[in-house]
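Scope of the values below: all heavy atoms of this structure, side chains included, with no hydrogens, waters or symmetry mates. Residue numbering restarts at 1 for every chain, and letters A, B, ... go by the order of the sequence lines.
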Amino acid sequence: MRIFDTMRDQIVDLKPKDPGKVSIYACGPTVYDVPHLGHARTALTYDVLKRYLTWSGYEVALVSNITDIDDKIINRAADEGVSEDQLSQLYTKIYIEQLQTFGIKDPDHRPLATQFITQMITIIEELMENGSAYEIVGSGVYFDVSKFGGYGALVNRSAEDLRDSAKARIASDEAKNDPLDFALWKTAKPGEPTWDSPWGSGRPGWHIECVAMSLDILGENFDIHGGGSDLTFPHHENERVECEAAGYSFARHWMHSGMLNVSGEKMSKSLGNFQTLGDAMERYGARPLRLAMLQAHYRSLMELSEDTMAGAIGGIERIDAFYRRMDAAQIGPEKTDANAKDRFSGAMSNDLGTPDALAVIFDLINAGNSSLDSQDFERASVSLASVTELLDVLGLGKVKKDSNDEIEKLIQRREVARQGKDFEEADNIRDELRSQGVEIEDTPTGTLWRYS
RNA sequence: GCGUCGGUGCCCGAGCGGCCCAAGGGAACGGCCUGCAAAGCCGUACAAUCGCGGGUUCAAAUCCCGCCCGGCGCUCCA
């Protein structure tokens with residue numbers, strides 16, 4: 001398996017700490033609102049990574065956190081007149097449900113930041129003890145970037161560089177020693193949720209929660225730390241320096257998935273609230289959305305548009321039609337195509353090349369359809385078995401057949417009319433079904449139908 | 001402004017020195033199949049510029065330089 005490692009800035013061999021096992025920590029969302037398509041793309045990346053590694057024979061442990069305390073949650077809760085707990089619990093629930101609907105498997109652990117306050121405090125204490133952090137009474141505890149050699153390495157920049165950049169854009173907080181220093185612990189403000197600490201009551205800063213949770217659950221030196229590319233700096237770099245300054249070794253590899261854009265104004269006009277995962281799934285369906293995302297490489301910037309989705313819907317339709325034909329011909333899956341699986345693995349093990357992997361699957365579908373047409377049922381069965389196995393690795397498996405007595409009755413009547421060569425009646429029935437959004441297909445073994 | 005990633009057919013999107021007269025999906029057109037459809041299969045067209053201009057090389061979509069355009073980052077966004 002080869003992956004692009006942000007730290008090394010190149011594609012490298014994945015070298016797990018323990019051979020045969022891979023531990024992954026993928027940064028999840030701060031739950032102050034419903035999930036948008038970007039959250040879905042990131043979650044999808046690590047879902048597919050885990051599925052593929054598991055299929056390849058690795059034992060995978062995937063941790064994906066929920067950050068349930070932070071400024072945005074506090075502000076939003078105040079706006080809506082609910083408690084921070086109520087707000088974060090509501091959006092956590094929605095997040096989990098929608099990802100499940102989207103076909104994302106639950107991670108092995110889904111820790112909440114607020115359950116790891118003790119561990120965070122311990123790390124901050126260690127940083128204070130060894131001089132990596134300082135306290136400003138009345139404000140909080142800050143990480144001292146100047147004490148850390150190599151700050152900025154994850155983004156390939158020097159601390160001086162980042163400092164200049166920061167100065168140019170941001171009014172520096174005069175309390176801090178250095179504009180790059182960041183809060184590990186924030187002193188309590190009236191009306192905010194607080195926890196006790198050696199520095200008085202307060203709440204954790206951002207970044208530190210991920211260090212506490214990843215170390216606690218996966219241990220030092222875990223294999224992959226991932227998230228969206230917007231988290232690379234400062235979030236991940238800050239996590240990294242906190243962890244290393246405290247004396248622990250952190251992630252062996254860093255992965256970042258690319259951003260997804262839905263072209264703002266053009267989109268919102270015609271599509272309404274298309275940016276949220278829930279709306280997009282309702283509008284296009286979960287599988288087309290998943291296919292659209294997987295047809296782009298996880299690191300590339302992708303733009304979702306009405307056209308993109310129309311294409312993906314067509315792609316899913318092609319997959320489903322393949323299954324319908326196989327079912328109608330009563331072909332079952334038997335042995336798989338080793339060669340196709342090799343090609344698939346080759347694509348996937350090259351930094352998760354899902355577009356190429358999908359191309360392999362579509363080639364198999366094409367071959368299977370041809371085999372059916374030429375009555376080569378054995379080869380058709382091999383295609384079917386291979387497609388089924390590989391599609392499952394990408395989480396795009398087939399859906400169960402719809403059933404509806406009313407529709408089946410109409411199809412029966414049409415069948416009788418066709419037998420009697422009463423094509424006018426048969427076509428009337430077909431038109432009637434179409435007006436109900438039902439498309440039918442006649443095959444040698446009977447008539448199939450689907451919602452169009 | 002600094003950094004970084006990218007600009008490939010009608011749309012999406014792989015490819016990242018020769019296997020590329022550029023994968024795969026979608027849309028279009030023609031044919032076969034069908035009572036007619038749908039699905040499928042076969043074929044065709046669409047890139048005379050792979051953002052633009054230079055350069056390196058026997059050979060460039062792929063490497064280098066410059067320019068234009070876009071995304072992301074530059075303290076709380078996946």
**Request:** For the residue pair A/Phe222 and A/Phe250, categorise the inter-ring angle as parallel (less than 30°), tilted (30 to 60°) or perpendicular (more than 60°).
**Result:** perpendicular
**Prompt:** So what does A/Leu180 hit on the nucleic acid, given a heavy-atom distance under 4.0 Å: a base, only sugar-phosphate, or nothing?
**Reply:** base
**Asked** Using a cut-off of 4.0 Å on non-hydrogen atoms, how would the nucleic acid contact of A/Asn369 be classed: base, sugar-phosphate, or nothing?
**Response** sugar-phosphate
**Prompt:** Which part of the nucleic acid, if any, lies within reach of A/Thr45 when heavy atoms closer than 4.0 Å are counted: base, sugar-phosphate only, or nothing?
**Reply:** nothing
**Message:** What contact category does A/His36 fall into here, base, sugar-phosphate, or nothing, at under 4.0 angstrom with non-hydrogen atoms?
**Reply:** base
**Asked** With no hydrogens and no angle check, is any side-chain donor or acceptor of A/Asn350 less than 3.5 Å from a backbone partner on A/Gly353?
**Response** no
**Request:** Identify all stems in which RNA chain B takes part, counting only runs of at least 3 consecutive pairs (Watson-Crick or G-U wobble, each distance under 3.5 Å), and give each as one range with another, ordered by first number.
**Result:** B:1-7 with B:68-74, B:10-12 with B:24-26, B:28-32 with B:40-44, B:51-55 with B:63-67
**Electrostatic pair A/Asp363-A/Arg343, nearest N-O below 4.0 angstrom** = yes
**Message:** Generate the contact string for nucleotides 23-28 of chain B. Rules: B means base contact, S means sugar-phosphate contact only, - means no protein heavy atom under 4.0 Å.
**Reply:** BSSS--
**Message:** Strictly below 4.0 Å, N to O, side chains only: are A/Arg430 and A/Asp427 in salt-bridge contact?
**Reply:** yes
**Request:** Give one of base, sugar-phosphate or nothing for A/Ser257, where a contact means two heavy atoms less than 4.0 Å apart.
**Result:** nothing
**Prompt:** So what does A/Thr232 touch, heavy atoms closer than 4.0 Å: a base, only the sugar-phosphate, or nothing?
**Reply:** nothing
**Request:** Tell me what A/Gly28 touches on the nucleic acid: a base, only sugar-phosphate, or nothing, going by heavy atoms under 4.0 Å.
**Result:** sugar-phosphate
N/O-N/O pairs, protein side and nucleotides 34-36 of chain B side, under 3.5 Å:
unit_1	atom_1	unit_2	atom_2	d
B/rG35	O6	A/Arg414	NH2	3.4
B/rG35	O6	A/Arg418	NE	3.2
B/rG35	N1	A/Asp427	OD1	3.0
B/rG35	N2	A/Asp427	OD1	3.2
B/rG35	N2	A/Asp427	OD2	2.5
B/rC36	O2	A/Arg430	NH1	3.2
B/rC36	O2	A/Arg430	NH2	2.2
B/rC36	N3	A/Arg430	NH1	2.9
B/rC36	N4	A/Asp442	OD2	3.2

**Message:** Under 4.0 Å, heavy atoms only, any strand: does A/Leu231 hit a base, just the sugar-phosphate, or nothing?
**Reply:** sugar-phosphate
**Asked** Reckon A/Arg41 touches a base, only the sugar-phosphate, or nothing at all at heavy-atom distances under 4.0 Å?
**Response** nothing
